[in-house]
Structure formats: structure tokens, C-alpha cells
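Here's the structure we're looking at; comments come further down.
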Amino acid sequence: VAGTTYENREIRGIKVLGGADPIDPGFGVRPSFVMHGCHHSGEWITAMGMVYFIEQIITTYGIDPALTRIADEFEFDLIPIMNVDGYLFAWENDQFRTWRKSRSIHPANIEAWAECEESTPGNCEGCFGTDLNRNWDINWCGTGASENPCSGSYCGIFPFEEPEARTMADFVRNLESTIYIDHHCCGDMYLQPYGWTEELPPDHDEMDPVWAAAKAATDLLYGRNYRQGPTYTTIYPASGLGLDYMYVGADVPFSIATEMRSSNGNGPADPVLPGSQEVWEGIKAAGLYVLNNYEPPGRGERSRCVLCAA
């Protein structure tokens with residue numbers, strides 16, 4: 001359990017690693033490979049994708065050489081659903097199957113809801129909640145975020161106001177994380193830092209080939225053409241993003257968000273399996289590229305040491 005949500009639900013995950021050393025099993029020592037789904041609760045393919053990734057790790061270990069090597073070198077820390085409150089709300093309410101935000105209700109939400117009800121009564125549920133992927137403490141509420149609680153990109157009153165974002169940040173900071181992947185839909189993309197500026201990160205030349213390898217492996221399986229590059233120029237400007245915070249604030253050298261195939265709360269189920277399969281190939285390619293080209297951090301060293309040439 002990584003933490004709890006605004007409505008006091010547990011944010012659950014699973015830790016998986018390969019190898020067998022009775023003296024040092026590796027928990028808390030190996031570099032961590034972190035992934036989660038449903039940052040935005042209506043992006044249901046990401047939750048199903050996470051279940052598929054977990055299944056592949058467990059069932060193909062010792063069979064798939066690439067996965068076996070990655071699992072022997074990393075620990076996988078996997079959280080299928082980050083925005084648990086929003087996900088359950090979307091499942092339970094057909095008219096909100098694509099609900100994006102958390103389910104928090106703060107004074108600013110109530111005030112905005114009351115004003116909305118005066119002009120469009122009965123159509124103001126969207127004034128509740130915060131966009132969790134605009135609430136991280138990194139260039140908070142800048143370009144691509146909104147101060148309007150009724151917006152789908154509402155950034156909240158202050159950074160890390162939302163327990164889900166705060167919990168995930170604390171969880172990753174307590175790991176020796178090397179790779180962080182935040183799964184979204186829908187758009188066939190690999191999105192790198194930064195979101196708030198078109199300036200490139202200082203490690204861009206080291207991180208870009210990792211995700212180029214992921215894109216190539218993803219495209220190869222079914223012939224898709226994923227876009228890959230900095231968030232600002234690849235999809236749109238956005239501030240307060242988890243992927244940017246993980247890179248800058250949590251010192252994770254390889255931090256990214258995916259945009260999987262289109263399959264949200266109102267979408268068909270058909271894209272779920274092939275979309276998960278192709279991204280899984282990209283995940284493995286990224287892990288192998290890091291292992292083949294960079295030196296993992298040693299015990300007690302911070303993760304950015306991975307960028308030292310092997």
C-alpha cells in the first residue's frame with residue numbers, strides 16, 4: 001500500500017523482482033522500475049494495461065530473456081490505479097465514465113460549483129476534483145493548467161494539495177528509482193520532460209535514445225507510429241506534471257508518460273490487448289537499453305548516477 005486517497009481508499013500496488021539470493025533478496029537495494037496507471041481516472045486502458053504488464057512479469061520470467069534480465073536487475077514497483085476515487089466514480093456513474101480528476105471537494109470547488117449552478121443548474125459536477133497531473137510541485141499551475149475548479153485541468157489551490165500526487169511523490173522518493181512510467185491514453189505517444197517549457201533537460205541526449213528504443217519496439221509489433229519526444233512539443237504545454245516532478249524533484253533519470261491506444265470509459269475494449277502488448281514491448285526495450293548503456297546506481301547512491309557511462 002503506497003498511501004491513501006482523499007476518500008481514504010488504499011492506493012495498492014505490487015513489488016516484483018527476479019533472482020534468488022537468501023542473504024540479500026534485493027528489496028530496497030536494487031534500482032526501481034516504477035509504473036502506474038489511471039493518473040486520469042477515465043483512462044481505463046491504463047489500468048488494464050498495468051494488469052497485463054504484471055501478468056507478463058510473473059508468467060514470462062525465466063522464459064522471456066529480456067524480461068528475465070530486467071527483473072533480475074531491477075525491482076518492479078507497480079500501481080495499477082493511482083486515482084482510485086475517480087476510477088470508482090467513473091465505473092459507478094455511466095454519465096461520468098470519462099471522469100478525469102480526483103474526487104476531492106475543497107472550499108474553492110464548492111464556491112465554483114455554486115456559481116456554476118446559478119447559470120447551468122444540474123451540469124456542474126465537473127467543478128469538483130483536481131487534475132492530479134497538474135498538482136505536482138514542479139512549475140505548478142503554469143502553462144497548460146487552469147486555476148478554474150470547473151476545468152478538467154484544474155491545478156488545485158497549492159501543489160501537492162491532493163493526497164494521491166503527494167503519496168506517489170513520497171513513495172518514489174523513498175526508492176532508488178531509475179525508470180518511472182506514468183501510463184495515460186489516448187494518443188500513441190511517449191512523452192518526455194519537460195511539459196512546461198520547450199527547453200530541453202540537461203540529460204536529454206542520454207534519455208532520448210531510451211525512449212526512441214521504446215518507440216521502435218512498440219511500433220514494430222503492430223505497425224503503429226507512436227510519437228516520441230518532450231511533452232511540450234510532442235503533445236502540448238502542461239505544468240505540474242508527474243513525469244517532470246519525478247525527473248527534477250525525485251531525481252529519476254528516465255521519467256516518461258505514455259499515451260496508449262484510445263480506450264477510455266466510453267471507448268471500445270478492442271484496443272486494450274494489442275495496446276498493452278505493444279507498449280509492453282516498448283517497456284522491455286527501454287529497460288534493456290538502460291542496462292546495456294548505463295551504469296545502475298550502487299547501494300546508497302542516488303539514481304541519477306545511472307547516467308554515468310558504463
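Along the sequence shown, residues carry numbers from 1.
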Just say parallel, tilted or perpendicular for the rings of His184 and His40, cut-offs at 30° and 60°.
perpendicular

Scanning both residues in full, the closest heavy-atom pair of Ile235 with Glu259 reads CD1-OE2, 4.1 Å

Under 3.5 Å donor-acceptor pairs involving side-chain atoms of residues 50-60, not counting sequence neighbours:
unit_1: Thr59; atom_1: OG1; unit_2: Glu55; atom_2: O; d: 2.7
unit_1: Thr60; atom_1: OG1; unit_2: Gln56; atom_2: O; d: 2.5

Filter on side chain to side chain donor-acceptor pair (under 3.5 Å), then keep only pairs touching residues 226-244, sequence neighbours left out; what's left?
Asn139-Ser239, Gln192-Gln228, Asp208-Gln228, Tyr226-Glu278

Kindly assign one of parallel, tilted or perpendicular to the pair Trp91 and Tyr87, based on the angle between their ring planes and the thresholds 30° and 60°.
perpendicular

Quick check: are there more than 12 heavy atoms from other residues, nucleotides or ligands sitting under 6.0 Å from CD of Glu117?
yes

Scan Arg173, Glu162, His36 and name whichever one has a side chain to side chain contact (heavy atoms under 4.5 Å, CB included) with Met168.
His36

Taking all heavy atoms of Cys155 and all of Ala145, pick out the closest pair and write down the distance.
CB-CB, 4.1 Å

What is the minimum heavy-atom distance between Asn133 and His39, and which atoms define it?
OD1-CE1, 3.1 Å

Give me the one residue out of Tyr294, Trp211, Tyr247 that meets ring pair (Phe, Tyr, Trp, His ring centres under 6.0 Å) with Phe254.
Tyr294

Closest heavy-atom pair, Ala112 versus Cys127, reported as atoms and distance to 0.1 Å, is O-SG, 4.0 Å

Under 2.5 Å between the SG atoms of Cys150 and Cys116: is that the case?
no

